[in-house]
Amino acid sequence: MISDARAFDDGVMIVGAGIAGSLLALVLGRKGHRVTVFDPQRRPAQVFRNEKLGHEQIALLTKLGVLDCFKAGCWPAPGHPHAYPEDARPSLVDCGAHHHVWLSAVRDAWPANVRFVEDVVARVETSPQLQTIETRSGDRFTDRLVVLASGRMTQLNEDLGITRRTLSSGHSVCLGFSIKPERPIPAEVIEAAHGSGLGYVSIFPMPGETRVNVFSYRALTDPWTRRMSRDPLGALAELAPATAKLLHGATVVRRCEVRGTDLYETEGHMQPGLLLIGDAFHAPCPATGTGMLRILNDIDVLVGRHLDDWMATPGMGGGKILGFYTDPLKRNLDSASLRSSYRNRGRVVGRGPRWGIYRWLRRIKTMIRPPVQTAASTS
Ligand SMILES: Cc1cc2nc3c(=O)[nH]c(=O)nc-3n(C[C@H](O)[C@H](O)[C@H](O)COP(=O)(O)OP(=O)(O)OC[C@H]3O[C@@H](n4cnc5c(N)ncnc54)[C@H](O)[C@@H]3O)c2cc1C
């Protein structure tokens, strides 16, 4: 029984205003769709997530017409206390911004047809015609399509019969802290030494600080990981001397945050009236830099290839939903992202002859030709 007075049948309800939900709302809103977004917080809190864009992400953000929101975070306007000097502004791929700064800019750009409901979604009911959302405060909303963009939270999944299958538990750990360097350090991605258990270290400027993000395959409970929380520069010097040399004399100005990642996939999600995007659907290893790319691709595929057709005919049956999940553009990127999550880990800590031979060949190659530090293009 739908008790809410505002019952529509041509709009989209989005659960979660992280980067997936907020961007989708912006793109749909600008196309003239009526959108309702639910999240417990109107102003996003600071969270450790993607902080830097690669070339492919920039290309998709440009295609979706939303790159300006990201530029504004990376390049504060002249007069801002952390604006880069006119003649020393890094290129977009060589700098970054805190995730919540991007998120705020995206939400601030929502047009009037995007309605925000500051509440937790407590229940979702789906059907081939209309979907209903009930918030924790007891308000009910109904519309044609629900997009679950609620990240790694799973409380809604159970009621909907959606389960998660863990593919790789404790797959990787991201560690991020900020420094004030002795002298400006340009963006660099430094491949970690063999045997360190680390993937790479990404150093890049952010407004007012220099960010150091470490992608590691050591466990969350590893004593080195714990030391990073207390003394990131000291701990980094133990395993990544090349990086430590570069950071010599720096002061830590933002404590080291540590986040572990499990790889998982979702089952039971093919339901009429319901779509899952972003981390709600599947989380790749952050070290691959494909988390954001997959979100942008999902939005591009949904809005550019499916949604107009779906809205042109009544209902939101399973056949429409299936069309999104089986779209080759989506499937190919999702599979490639998962493959690179496994491959990146295998290269560093994988067991068995394949990875043993790989690392042995790499060591020989490194002895012949030492690695060159590269200008950063991944975060
Ligand atoms: C440490 C770290 C580093 C990363 N680095 C990179 C990187 O370098 N490159 C890259 O491409 N990707 C990276 N990623 C991955 C990328 O950041 C994530 O894939 C992406 O941010 C996920 O966005 P999301 O919107 O799906 O989820 P989230 O950001 O988790 O947002 C989910 C939102 O849903 C809301 N919500 C949850 N439940 C409810 C409910 N019941 N009702 C209402 N609202 C709800 C939450 O409040 C939240 O706002 C990284 C991830 C992490 C954790």
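All ligand and atom numbering here is 1-based and tracks the order in the structure.
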So how far is it from M270 CE to T326 OG1, rounded to the nearest 0.5 Å?
6.5 Å

Minimal non-hydrogen separation, T62 against I58, with atom names:
OG1-O, 2.6 Å

Below the 3.5 angstrom mark, is there an N/O of R152, backbone or side chain, next to an N/O of ligand 1?
no

Please report the interatomic distance CD(Q131) to CG(L275), rounded to the nearest 0.5 Å.
10.0 Å

Take every heavy atom of R294, measure it against each atom of ligand 1, and state whether any distance is under 4.0 Å.
no

Is there a polar contact, in the sense of an N or O pair closer than 3.5 Å, between N50 and ligand 1?
yes

V121 versus ligand 1: do any nitrogen or oxygen atoms come within less than 3.5 Å of each other?
yes

Could you tell me whether some N/O pair between D39 and ligand 1 is separated by less than 3.5 angstrom?
yes

Counting from 1 in the order shown, the ligand 1 atoms closer than 4.0 Å to a non-hydrogen atom of A149 are 32 (C), 33 (C), 34 (O)

Between H306 and D327, does any side-chain donor sit less than 3.5 Å from a side-chain acceptor?
yes

Check this for me - ligand 1, Q57, N or O atoms closer than 3.5 angstrom, yes or no?
yes

Tell me the contacting part of V47 for ligand 1: side chain, backbone, both, or neither, using a 4.0 Å heavy-atom threshold, strictly below.
neither

Parallel, tilted or perpendicular, as decided by the 30° and 60° cut-offs, for the rings of H80 and H82:
tilted

Should the proximity of A283 to ligand 1, defined as any heavy atom under 4.0 Å, be assigned to the side chain, the backbone, both, or neither?
neither

Under a 4.0 angstrom heavy-atom cut-off, which atoms of ligand 1 come close to G278?
26 (O)

Answer with yes or no whether the side chains of E51 and N213 bring together a donor and an acceptor at under 3.5 Å.
yes

Under 4.0 Å, heavy atoms only, figure out whether ligand 1 is touched by the backbone of Q41, its side chain, both or neither.
neither

Classify the contact between I295 and ligand 1 as side chain, backbone, both or neither, using a heavy-atom distance cut-off of under 4.0 Å.
side chain

Taking NE2 in H248 as the centre, count heavy atoms belonging to other residues, nucleotides or ligands within less than 6.0 Å. Is the count above 12?
no

Residues, nucleotides or ligands: over 12 heavy atoms within 6.0 Å of E265 CD
yes

Short side-chain donor-acceptor distance under 3.5 Å, R164 and T266:
no

Any atom of ligand 1 sitting under 4.0 Å from a heavy atom of H99?
yes

For ligand 1, which atoms sit closer than 4.0 Å to a heavy atom of L156?
41 (N)

Counting heavy atoms only, which of A45, S150, G16 comes nearest to atom 37 (C) of ligand 1?
S150

Decide whether the shortest distance between a heavy atom of Q155 and an atom of ligand 1 is less than 4.0 Å.
yes

Any chance the rings of Y264 and F281 have centres within less than 6.0 Å?
no

Does L293 reach ligand 1 with a nitrogen or oxygen that is under 3.5 Å from one of the ligand's nitrogen or oxygen atoms?
no

To the nearest 0.5 Å, what is the distance between CE on M206 and NE2 on H98?
4.5 Å

Below 3.5 angstrom, do we get any N/O pair linking M153 and ligand 1?
no

Take atom CZ of R343 as the centre, draw a 6.0 Å sphere, and report whether it contains more than 12 heavy atoms from other residues, nucleotides or ligands.
yes

If you measure every N/O of D279 against every N/O of ligand 1, is any gap under 3.5 Å?
yes

Do any N/O atoms on C174 end up under 3.5 angstrom from N/O atoms on ligand 1?
no

Geometric N/O contact G291 with ligand 1, under 3.5 angstrom:
yes

Rounded at 0.5 Å granularity, tell me how far CG in L60 sits from CG in D298.
10.5 Å

